[in-house]
Amino acid sequence: MATAEKHAFQAEIAQLLEIVIHSLYTDKEIFVRELVSNAADANEKLQFLQQSAGTEIFQPETALTIRVLTDESAKTITIVDTGIGMTQAELVENLGTIAHSGSKAFLEQIKQAQGDARLIGQFGVGFYSAFMVADQVEVFTRSYKTGEGGWIWKSDGKTGYEMEPASDLDRGTRIVLHLRDTEFAGESRVEGIIKHYSNFVSFPIELNGKVVNTVQPLWTKNRSEISEDEYTEFYKYLAHDLEAPRYRLHFNADAPLSIKAILFAPEKNSELLTMSRQEGEVHLYCKRVLITPKAKGLFPEWLRFLKGVVDSEDLPLNISRETMQDSALLRKLNDVLSKRVLKWLDEEAKADPEKYAQFFAQHGHCLKEGVATDWSHREALAKLLRFNSSHTEGEKVTSLADYLTRMPEAQKEVYFLSAASREAAEASPDYEVFRARGWEVLYLLDPRDEFVLEHLHTFEGKPLVAAGKADVKLDRPEDQAMKLSKEAAEKLSGFLKEVLGDRVGSVRSSERLVGSPAAVREADGAMPARMRRMMKLMGKEELGGLDMKPDFEINPDHPIVVSLERLSTQDEGLAKQVGAQLFENAMVASGLVEDPRMMLGRLNELLEKLLAAR
Ligand code: ADP
Ligand code: MG
């Protein structure tokens, strides 16, 4: 027999193991869940290979089972599966190196979560949880591939691992944990753990010879036979989540495709936490056989927050994962499922708007992405959007449909205003005319919203218009004239255009200002100010059209403007200074001035003149 080869763990794994062994104190029992789900994965992979013709399999007649054996006197727990097993190369790759980014993300999370072991399975590093409870782990494995022999992999989790060939192994994997203490070598303790975490594994789990789990897949049962708890446990098992899901949908359809599905929307969207894009986690089955885990293309990208299972009898069993990716059948399934999910979310939103608002706060960014990228579901998605508005209070939100019901007859468009906060929106000169008329304005506090509404363009036939670009005037009685006559206002506009020259496009009198003396309005087709600032930060000024000139609007009803008009004929020099200052104040109000210190010189001169005149 060849002597054992010694190998060192990859540096990242060594670091991970250090944490697993020394800083994870709570919920150590999850190692059972992790090893049992690895066993189930291995069996599922074999089941899949058996369905596809032409694959030669070692010991094809062996049934797919999972066995767990406890031995209190030897202080061991053993997990045995009859799945695909591992070759020597796969052992090195799967248990000695980390090919994916999971470990890094895990290391970061675990430091923050202060030793919460329950996180471990979410990051694709579940196997190593064995070292929380064992000081020696042995893996006996034999691949389903006919030309391969068996192997033993051994490690104490500290000094590296050893491998040597093993004869007489059956297909599959046997993992023996030499435990630090007897807790997890006790049958009743382990039975409780399996029932709690692994009840939905789709293979029988025998504990010391007795089956302990419910094998019938949940989605094949009648809804009336399933308790709320069972759904929640199923979700937690499937999503590796600690919390119950926000929403659940269990539905069966016969036409146009036969579908049985259980779908969940989690309470939290992990993207908000990790800042990285998540993968969809809906597994595709055909008649209870797993065809593709985390099936890509089953749902559009913007539904990637969903977890669950879809079982369709219409899929050919022997379809390969590659051809599945772009089959017409998958596209049809995708379309049917997307429509069903949109209907479901709409129903949930109607049933409990506040709960839906919480859902939207977590997953809304995905739906917004859908509006911007997926033309085919845009209208249904638009109904699911929520916004703060001048009508809602505090954190409350409104749908576009509800906004429409509040529109007075004179109002023909839906208005929106981008701002960093509700307060900033309410202080904006662009909002004044709407406040005066009592027309509702949506406050877009998420930078994505402006982009989304511009893509959407209309909602139920009503144009969606930026408040700053809207052609809305004050609703003033005919007989109540402006304080400044039309002619005087035109004259003052001409004067200001001369003073400001190239810094502005045009200067005009406006009927949309109420409290402010003046405002700048971005020219049509101009890139929004926020985006321009971003371009500048990125050093891409030439793309941002930073020299785009705003239009300058004056309020013919405001005392400053009225006095300025008089001043322009009496003291031209002072009027020029005041005019320039008025413009810059408006620029500040719109957030377009980068360095307000530039205007302090003029401001001080004005103060000096003011004081000298007293
Ligand atoms: P994950 O299961 O998320 O991939 P793990 O750390 O639990 O992460 O397992 C790492 C890899 O080791 C698995 O992806 C699989 O390839 C392999 N593996 C683990 N346990 C078994 C097993 N019982 N049979 C076959 N392969 C296994
Ligand atoms: Mg695993």
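None of the values given here were measured: they were computed from a predicted structure. Side chains are part of it too, since the values below use all heavy atoms of this structure and drop only hydrogens, waters and symmetry mates. Order of appearance sets the numbers: ligands from 1, and atoms from 1 within every ligand.
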Worksheet item: Do Lys158 and Asp156 sit within salt-bridge range, that is, some charged N less than 4.0 Å from a carboxylate O?
Response: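 Not counted as a salt bridge, because no side-chain N and carboxylate O are separated by less than 4.0 Å.
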
Worksheet item: Taking 4.0 angstrom as the limit, do Glu347 and Lys343 come out as a salt bridge?
Response: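 Salt bridge flag = yes for Lys343 with Glu347.
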
Worksheet entry | Ring center gap for Tyr161 and Trp151 short of 6.0 angstrom |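 Distance test on ring centres: not under 6.0 Å, no.
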
Pairs of nitrogen or oxygen atoms closer than 3.5 Å, one from [X] and one from ligand 1: do any exist?
X      : result
Met86  : no
Asp81  : yes
Ile175 : no

Item to complete: Using heavy-atom distances, let me know which of Asp41, Val36, Asn38 sits nearest atom 20 (N) of ligand 1.
Response: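 Of the listed residues, Asn38 has the closest heavy atom.
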
Worksheet entry | From the candidates Ile66, Thr82, Asn94, the one that places a heavy atom nearest atom 10 (C) of ligand 1 |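 Of the listed residues, Asn94 has the closest heavy atom.
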
Worksheet item: Are any side-chain N or O atoms of Arg378 and backbone N or O atoms of Val371, one a donor and one an acceptor, separated by less than 3.5 Å?
Response: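 Yes.
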
Fill in: Over 12 non-hydrogen atoms of neighbours within 6.0 angstrom of CZ in Arg189
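Counting neighbours around CZ of Arg189, more than 12 heavy atoms of other residues, nucleotides or ligands fall under 6.0 Å, so yes.
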
Worksheet item: Would you say Ser37 reaches the Mg ion (ligand 2) with an N/O/S atom under 2.8 Å?
Response: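 So Ser37 does not bind the Mg ion (ligand 2) by this criterion.
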
Practice prompt. Under 4.0 Å, heavy atoms only, figure out whether ligand 1 is touched by the backbone of Thr141, its side chain, both or neither.
Written response: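 None of Thr141 does.
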
Item to complete: Below 4.0 angstrom from a heavy atom of Leu95, which ligand 1 atoms are there? Numbered from 1 as shown, please.
Response: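 By the 4.0 Å cutoff, the relevant atoms are 12 (O).
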
Worksheet item: Between Glu90 and Lys145, is a salt bridge (charged side-chain N to carboxylate O under 4.0 Å, His left out) present by the stated rule, with each step listed?
Response: CA-CA 12 Å; Glu90 285 163 351; Lys145 292 176 187 161; 3.4 Å; yes

